[in-house]
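The structure's right below; bear with me while I get my questions together.
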Amino acid sequence: MDLRFTPEERAFRQEVRTFFQENLPQEIRQKMIDGRHPSKDDIVTWQKILNKKGWAVPNWPVEWGGTGWDPVRQYIFLDELQSFPAPSPLQFGVYMVGPVIAQFGNEAQKKHFLPRIANIDDWWCQGFSEPGSGSDLASLKTKAVREGDHYIVNGQKTWTTLGQYADWIFCLVRTDATVKKQEGISFLLIDMKTPGITVRPIQTIDGGHEVNEVFFDDVKVPVENLVGQENKGWDYAKFLLGNERTNIARVGVSKQRIRRLKELAAIERVGDTPILENPRFREKLAALEIELKALEMTQLRVVAAERTREKGKPDPASSILKIKGSEIQQATTELLLEVVGPYALPYAAEDEGDEHLSNEPPVGPDWAGPAAPTYFNWRKISIYGGSNEIQKNIIAKAILGL
């Protein structure tokens, strides 16, 4: 298998890079470089810029705004987006519910929702996980009972990322409790302004408000908002999660983080010596770069296999990308803590017995601030999108045949 890029593909990479350099607002890029979260307005601004160019939904069918790029160009675009770095288009719309609607939705759903998702006129969130139904997603208990032209939805979703901004939520709901649990699930699109929906924030360990609980109390959802067939939602969810796990490798993100690590390690010193010249640190950094290169080669093999894979069928190899991608991303945050050292502390310890200690932020470089919060926040990466333990089971069954 030849994993080298052609001259045309290298030219395309340069075209993408030049567009980012000329069109991404510098203040947004600087946030990304510093490891800070882009705001809702940042994401909306950037996605609209991409959509005007025709690049907001490169993975979609051409008739619904897609680019017609082959898998290699899609990979190059995503790699450049992440390593530049620039904000991703809203994942829940572009890479999750959008492809599901394009693949399994009816014409009315496609015409209404897809243009609005591409231009981020609607902000979407994901309603999959529930208390007690995380890794075992098929055990979900949120019910949807059909009454005439509506479903009546009752239940609770949790860890709903950015749900505080959402106009719509796509949900897995139980529509038949008498069959095998995977066979009684449906895929519903729900307007977040519908009476009976309550969103409550969950404060994460880094002090942020990124995730939420969402409660449904007798929420009326039109039957026309059912995607595909009733009780076939598990199939659509597997399709969605296959896409998510491929993207979740985030090779470009790790490239950018390692590049940033080198820059900062050349600045910070232990005594008179830059951390970057410390042999032990260099050894760990080199080992991480080797692992990232191996992951990149694996992702390119998956991309190459896209040409022959049956359309709509998830690739079990995406589980390998998810596992190793999340481990490498977490490792970059650990090395960043080493570089930042005491500046990683968001606040100095408070001790009533010592007047010299306070809860004021320590004096340090601006870029040091996000180090500890990012370290804590990125512990989640090996859990969401299907925990790494679940991914290992998928690999054992689907790839190794155990």
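Below, each value reflects all heavy atoms present in this structure, side chains not excepted, and no hydrogens, waters or symmetry copies. If you read the sequence from its start, that first residue is 1, and numbering goes on from there.
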Checklist entry - Is the backbone of Leu189 close enough, under 3.5 Å, to the side chain of Asn225 for a donor and an acceptor to pair up by distance? => result yes

Checklist entry - For Lys180, does the NZ atom have more than 12 heavy-atom neighbours from other residues, nucleotides or ligands under 6.0 Å away? => result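 No - once you tally the heavy atoms of other residues, nucleotides and ligands closer than 6.0 Å, there are 12 at most.
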
Item to check | Glu183: salt bridge (Lys or Arg N to Asp or Glu O under 4.0 Å) partners, not counting sequence neighbours | outcome: none

Checklist entry - Could Glu263 and Arg260 be called an ion pair, given the rule that one side-chain N must be under 4.0 Å from one carboxylate O? => result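 Yes, charged N to carboxylate O under 4.0 Å.
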
Next on the checklist: Are more than 12 heavy atoms, taken from residues, nucleotides or ligands other than Arg259, located less than 6.0 Å from that residue's CZ atom?
Outcome noted: yes

Checklist entry - Who are the side-chain hydrogen bond (donor to acceptor under 3.5 Å, both in side chains) partners of Thr194, not counting sequence neighbours? => result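 Checked Thr194 against side-chain hydrogen bond (donor to acceptor under 3.5 Å, both in side chains); zero matches.
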
Next on the checklist: Please determine whether a side-chain nitrogen of the Lys or Arg among Arg174 and Glu130 lies less than 4.0 Å from a carboxylate oxygen of the Asp or Glu.
Outcome noted: no

Checklist outcome for this item: Contacts of Glu338 meeting side chain to side chain contact (heavy atoms under 4.5 Å, CB included) (sequence neighbours excluded), chain-then-number -> Phe281, Lys284, Leu335

If you look only at distance, which donor and acceptor atoms sit under 3.5 Å apart when one is on a side chain in residues 80-93 and the other is two or more places apart or in another chain?
| residue | atom | partner | partner atom | Å |
| --- | --- | --- | --- | --- |
| Glu80 | OE1 | Arg17 | NE | 2.9 |
| Glu80 | OE2 | Arg13 | NH1 | 2.7 |
| Glu80 | OE2 | Arg17 | NH2 | 2.7 |
| Gln82 | OE1 | Gly252 | N | 3.0 |
| Ser83 | OG | Asp79 | O | 2.7 |
| Ser88 | OG | Gln91 | NE2 | 2.9 |

Checklist entry - Are the side chain of Thr333 and the backbone of Gln330 linked by a donor-acceptor contact shorter than 3.5 Å? => result yes

Checklist entry - Can you list the residues that meet the ring-ring contact (aromatic ring centres under 6.0 Å, His included) rule with Trp55, with sequence neighbours excluded? => result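 So Trp55 forms a ring-ring contact (aromatic ring centres under 6.0 Å, His included) with Phe19, Trp69, Phe77.
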
Checklist entry - Regarding Gln74 and Asn59, is there a side-chain donor-to-acceptor distance under 3.5 Å anywhere? => result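 There is no such pair between these side chains.
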
Checklist entry - Listed by chain and number, what are the ring-ring contact (aromatic ring centres under 6.0 Å, His included) partners of Phe170, not counting sequence neighbours? => result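 So Phe170 forms a ring-ring contact (aromatic ring centres under 6.0 Å, His included) with Phe128, Phe187.
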
Next on the checklist: Main chain of Val211, side chain of Thr160: is a donor-acceptor contact present, judged purely on distance under 3.5 Å?
Outcome noted: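 Side chain of Thr160 to backbone of Val211: no pair is present.
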
Checklist entry - Got a sec, which residues hit salt bridge (Lys or Arg N to Asp or Glu O under 4.0 Å) with Glu334, two or more places apart in sequence or on another chain? => result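 For Glu334, the residues satisfying salt bridge (Lys or Arg N to Asp or Glu O under 4.0 Å) (neighbours in sequence not counted) are Arg379.
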
Item to check | With sequence neighbours excluded, residues passing side chain to side chain contact (heavy atoms under 4.5 Å, CB included) with Arg116 | outcome: His112, Asp121, Asp122

Next on the checklist: Can you confirm whether more than 12 heavy atoms, excluding those of Trp234, are under 6.0 Å from its CH2 atom?
Outcome noted: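 Above 12, so yes.
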
Checklist entry - Has the side chain of Gln109 got a donor or acceptor atom that lies under 3.5 Å from a matching backbone atom of Leu226? => result yes

Checklist entry - Partners of Asp136 by salt bridge (Lys or Arg N to Asp or Glu O under 4.0 Å), sequence neighbours excluded? => result Lys181

Checklist entry - Residues two or more places apart in sequence or in another chain: which of them pass side chain to side chain contact (heavy atoms under 4.5 Å, CB included) with Thr298? => result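 Side chain to side chain contact (heavy atoms under 4.5 Å, CB included) list for Thr298, sorted by chain: Arg301, Ile320, Leu321.
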
Checklist entry - Side chains of Asp235 and Phe104: closer than 4.5 Å at any heavy-atom pair? => result no

Item to check | Centroid-centroid under 6.0 Å between Phe20 and Trp46 rings | outcome: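 Centroid distance Phe20-Trp46: below 6.0 Å, so yes.
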
Item to check | Heavy atoms from other residues, nucleotides or ligands near NZ of Lys380 exceed 12 (cutoff 6.0 Å) | outcome: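 More than 12 heavy atoms, drawn from other residues, nucleotides or ligands, come within 6.0 Å of this atom.
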
Checklist entry - Taking everything shown except Lys110 itself, do over 12 heavy atoms lie less than 6.0 Å from its NZ? => result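 Atom NZ in Lys110 is packed in, count exceeds 12.
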
Checklist entry - Is there a side-chain contact between Trp168 and Val97, using heavy atoms and a 4.5 Å cut-off? => result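 Trp168 does not reach Val97 side chain to side chain.
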
Checklist entry - Given Lys293, which of Glu296, Glu291, Glu289 fulfils the side-chain hydrogen bond (donor to acceptor under 3.5 Å, both in side chains) condition? => result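 Among the candidates, only Glu296 passes.
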
Checklist outcome for this item: dist Leu295:CG -> Ile290:CD1 (nearest 0.5 Å) comes out at 14.0 Å

Item to check | Which residues share a side-chain hydrogen bond (donor to acceptor under 3.5 Å, both in side chains) with Glu27, sequence neighbours left out | outcome: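 Counting only residues at least two positions away or on another chain, Glu27 forms no side-chain hydrogen bond (donor to acceptor under 3.5 Å, both in side chains).
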
Checklist entry - Heavy-atom distance under 4.5 Å between the side chains of Tyr151 and Thr175, does that happen here? => result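 Touching, per the 4.5 Å side-chain cut-off.
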
Item to check | Partner residues of Asn51 under the side chain to side chain contact (heavy atoms under 4.5 Å, CB included) criterion, sequence neighbours left out | outcome: Ala56, Ala118, Asn119

